Amino acid sequence: MSDTKPDPIAQMEKIVSLCKRRGFIYPSSEIYGGCGGVWDYGPLGAELKRNLREAWWRAMTRDREDILGLDACILMNPAIWKASGHVDTFADMMRECSLTNKRVRADHVEAQAGTVMQFTGAKAATGWSISRQITVLMKQGEHIESFRKRVRALIGQNAGAAAGKPEEIELLGEQKTEVVTASVDFHPESGGLLGESRPFNLMLRTYLGPTATEADVTYLRPETAQAIFAQFKNVFDSSRVKVPFGICQIGKAFRNEVTPKNFTFRSREFEQMELEFFIKPDEAVEIISGEVAKWSDGADLSEPQPNWGWEMWHRYWVDQRTKFYQNIGLGDVLEYYWQTPADLAHYARACVDILCEFPFGTEELEGIAARGAFDLTAHQQASTKSQEVFDEDLKNAAAKLTPEQKEALIQKRLAAEQAKVKGEPMPEADVRAWFERLFKGNYVPHVIEPSAGLDRMALAVIAKAFDETVKTDDKGKSETITVLRFHPRVAPIKCGVFPLLKNKPELVAKAREVYALLKPHMNCFYDETASIGRRYARQDEAGTPFGVTIDFDTLGEKPELLNTVTVRERDSNAQHRIQISELLGWLQARL
RNA sequence: GCGGGUAUAGCUUAAUGGUAAAGCGCCAGCCUUCCAAGCUGGCCACGCGGGUUCGAUUCCCGCUACCCGCUCCA
């Protein structure tokens, strides 16, 4: 990487431009003027994405005994989205503040008192201006000058750099209109007039069935996870697994993002890689193991243990996922954000965001949430189909408990319910009913959910790999060299194969032979045009880690070098002389 | 969705009220014994729609996309 911090906007523009030029990522539907918030992967992007997808799939299921794969459809019964809460949280009636454009739920606006003030517009010394009417509530007891200052600040914030300093914004045509005592038409914080109430649906609607009536409405899934929950029982019943175990899935998901931005980072169609890892409730662990392991810094997370509760499992998955990112070359750009109790959704016990440094800022790549039994319980209620599992070890262990020991567990849980920060405590009768099922060996599994975005991962890998250096030759002529320093494991093309010269048929024939040798084992690229240096440079831009060159020594010009080739490394420009018979093994050892 | 900006070849830029220039790249040929060499030739562009005008890439209006803010959080 270069030493100087590049301008982030220019840096992104270069990356977008390279992605298009080299066939990683194109704007969707470009010949028709594009299509907002969707992007297509070209030949190199498709390979890169496939490598990442396969690395994830291998790490999550093939390399493990306790995780199974699933490939569910994008279209599902819309009842799933009601049960999961998406229909409600993704489709509120929203009103938008005319001053700041902030949105509030229409049914959540509290009545306010104050004086309604109007301005005909605003302008700034920078030449910036707006000429639409601005209506703002001056709250009861607010001083007129602090009110004006506040309005200037809000306008300035919304206008961004164009308006210059907020204190230099001039408010035009101020006038008082009316005094209100209990109005729900103003934003609770900014005081800006709220626009019309309108539905704000983040899910993409579609019709399942050719008649396309309202009865046929369903949604393109906004996340892949719900299919895993909906198929939980089928997987459990057909796979001879025991809790703890996981189900993972890779697939497309869709959200009508308000503002798609930052290239592919926030897209309306995107690919998720999600794991739902089902675990016993802590109470079950305690009954079986006599204790629940507590997390402490430096605790051993290498091998799952029977006494792990949700906290240890959560830490374990953060650790596992970190190792995954290290393996694809992103280890040194990661950051972690542990959500505070205030950030967390009411059903979540903990959530860690794994963030990655992009030119446009440090943004989330993956979220790892401990979601309790929320999801399966919600589906159990909505579908009226039991999502419980039976755990024989639990039943046997519970049978050995004394009534006092059982009551102690119940009391401990009741106390925990009372201490909840968010959400209502579970009523005592429900807690007792739940324990009754538990003591018989029945429970709805809890879940740890590592959920990653594949497109974000691909963008992170590209942004991390992007490197530009200025090279000056002997004659003082300098040019900018662009290299994508992908980890060989994810690089779209693994190896370039080049005859040193094109007009020597022996070299070309030998090079085609080497190409044919490697091609069945890895994605290779044969190139005989232009000078050898240019061919290396082309592959550098594509991020190809190795180049193999066939020269006259390969043909035996120096007898001791017969059947050897030059392997050139992208990052160091180092060259190695390798026997053709050993070439495949040499490369495979480095991928 | 709101506010600000941008839109000329694959990429980066230029010029112009009379339909466009260059560099790089790409393709073909010649040449070339290891890091974007050279020569010759070639392909390729005014985002879309309307208006003003004899004539618009240029001026005006709409649309779309992208970038920067507000919101979203895989």
Side-chain angles (χ1 to χ4, degrees), chain A residues 8-10 12-14 16-18 20-23 26-37 90 94 96-104 126 128-130 132 154-163 190 195 198 200 202 222-225 253 255-263 265-267 270-274 337 339 343 351 353-355 360 363-367 450-457 471 473 475 477 479-482 498-504 507 529-541 547 549-553 557 566 568 570 573 575:
Chain A
I9 296 170
M12 268 321 283
E13 278 170 0
K14 282 178 189 166
V16 172
S17 162
L18 177 71
K20 186 175 175 193
R21 180 156 45 89
R22 292 311 310 245
Y26 313 122
S28 166
S29 321
E30 199 184 10
I31 60 169
Y32 288 102
C35 183
F90 274 45
M94 303 292 280
E96 206 164 79
C97 170
S98 60
L99 181 61
T100 60
N101 296 312
K102 286 192 175 172
R103 264 176 230 98
V104 288
T126 57
W128 170 92
S129 72
I130 46 174
R132 68 194 160 91
L154 289 167
I155 290 175
Q157 201 177 45
N158 201 36
S190 72
R198 63 164 183 255
F200 199 78
L202 261 45
E223 62 171 36
T224 57
R255 292 183 195 177
N256 257 325
E257 295 294 345
V258 185
T259 310
K261 65 170 193 173
N262 290 334
F263 198 24
F265 185 81
R266 173 158 289 120
S267 306
F270 57 102
E271 196 161 346
Q272 287 187 309
M273 305 188 291
E274 294 194 293
Y337 176 72
Q339 291 192 11
D343 297 332
C351 187
D353 296 334
I354 298 185
L355 310 161
F360 47 79
E363 298 281 357
E364 185 182 353
L365 268 192
E366 170 158 352
S451 169
L454 176 53
D455 307 271
R456 291 181 173 189
M457 199 182 286
K471 196 168 98 176
D473 66 14
K475 299 170 196 118
K477 199 177 117 190
E479 57 193 341
T480 304
I481 310 287
T482 305
F498 319 117
L500 185 59
L501 298 175
K502 181 171 67 164
N503 60 354
K504 297 288 185 288
L507 286 179
T529 65
S531 70
I532 189 70
R534 176 179 296 273
R535 281 176 274 167
Y536 285 148
R538 283 173 182 157
Q539 291 309 308
D540 285 347
E541 262 194 354
T549 302
I550 285 74
D551 62 13
F552 292 94
D553 290 334
E557 194 167 277
T566 303
R568 178 258 192 187
R570 176 197 63 204
N573 287 358
Q575 300 199 346

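A note on names: the letters A, B, ... follow the listed sequences, proteins ahead of strands, and every chain is numbered from 1. Because the structure is a prediction, the values reported are computed rather than measured.
Among the heavy atoms of the strands lying under 4.0 Å from A:S267 is at least one base atom, whether or not backbone atoms are also near. No engagement by A:L507 is indicated, since no non-hydrogen atom pair under 4.0 Å with the nucleic acid exists. Counting any heavy atom pair closer than 4.0 Å across all strands shown, A:E364 reaches a base atom.
Per the geometry, CZ belonging to A:R266 stands 9 Å off P belonging to B:C72, to the nearest Å. A:M457 places its CE atom 14 Å from the P atom of B:A74, with the value rounded to the nearest Å. Regarding A:E30, its CD atom lies at a distance of 10 Å from the P atom of B:A9, rounded to whole Å.
For B:G4 and B:G62, the P atoms lie 12 Å apart once the distance is rounded to whole Å. Nucleotides B:U8 and B:A45 are separated by 6 Å at their C1' atoms, to the nearest Å. B:U32 and B:A37 are spaced 8 Å apart, taking the C1' atom of each and rounding to whole Å.
For A:E271, the side-chain contact (heavy atoms from CB on, under 4.5 Å) partners two or more places apart in sequence, or in a different chain, are A:K49, A:R53, A:I250, A:K252, A:L454, A:D455. For A:K502, the side-chain contact (heavy atoms from CB on, under 4.5 Å) test picks out A:E528, with sequence neighbours left out.
Salt bridge A:R21/A:E541: present, at least one basic N to carboxylate O contact under 4.0 Å.
Side-chain contact, A:T482 with A:R22: no donor N or O sits under 3.5 Å from an acceptor N or O.
For A:E479, whose side chain is taken as the heavy atoms from C-beta onward, the closest listed nucleotide among B:C11, B:A36, B:A74 is B:A36.
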What donor-acceptor contacts under 3.5 angstrom involve side-chain atoms of residues 28-36 of chain A, with partners at least two apart or in another chain?
{"from": "A:E30", "atom 1": "OE2", "to": "A:K20", "atom 2": "NZ", "distance (Å)": "2.9"}

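Considering only side-chain N and O atoms, A:R255 lies under 4.0 angstrom from the phosphate OP1 or OP2 of B:A74. For the pair A:R538 and B:C26, the criterion of a side-chain N or O lying under 4.0 Å from OP1 or OP2 is met.
Residues A:G453 and A:K20 both approach RNA chain B. Their nearest nucleotides, taken by heavy-atom distance, put A:K20 toward the 5′ side.
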| query | Can you give one letter per nucleotide of nucleotides 29-35 of chain B, 5' to 3': B if a protein heavy atom sits under 4.0 Å from the base, S if only from the sugar-phosphate, - if neither? | reply | S--BBBB
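Proximity of the aromatic rings of A:F360 and A:F263 is defined here by a centroid distance below 6.0 angstrom, and this criterion is not met.
In RNA chain B, the stems built from three or more successive Watson-Crick or G-U pairs (distances below 3.5 Å) are B:1-7 with B:64-70, B:10-13 with B:21-24, B:26-30 with B:38-42, B:47-51 with B:59-63.
Atom CZ of residue A:F270 and atom CZ of residue A:R456 lie 7.5 Å apart, to the nearest 0.5 angstrom.
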Taking only nitrogen or oxygen atoms into account, show me every contact under 3.5 Å that the protein makes with nucleotides 60-68 of chain B, one pair per line with its distance.
{"from": "B:U64", "atom 1": "O2'", "to": "A:G33", "atom 2": "O", "distance (Å)": "3.0"}
{"from": "B:A65", "atom 1": "O4'", "to": "A:G33", "atom 2": "O", "distance (Å)": "3.2"}
{"from": "B:C66", "atom 1": "OP1", "to": "A:G37", "atom 2": "N", "distance (Å)": "3.0"}
{"from": "B:C67", "atom 1": "OP1", "to": "A:F263", "atom 2": "N", "distance (Å)": "3.0"}
{"from": "B:C68", "atom 1": "OP1", "to": "A:N262", "atom 2": "OD1", "distance (Å)": "3.0"}

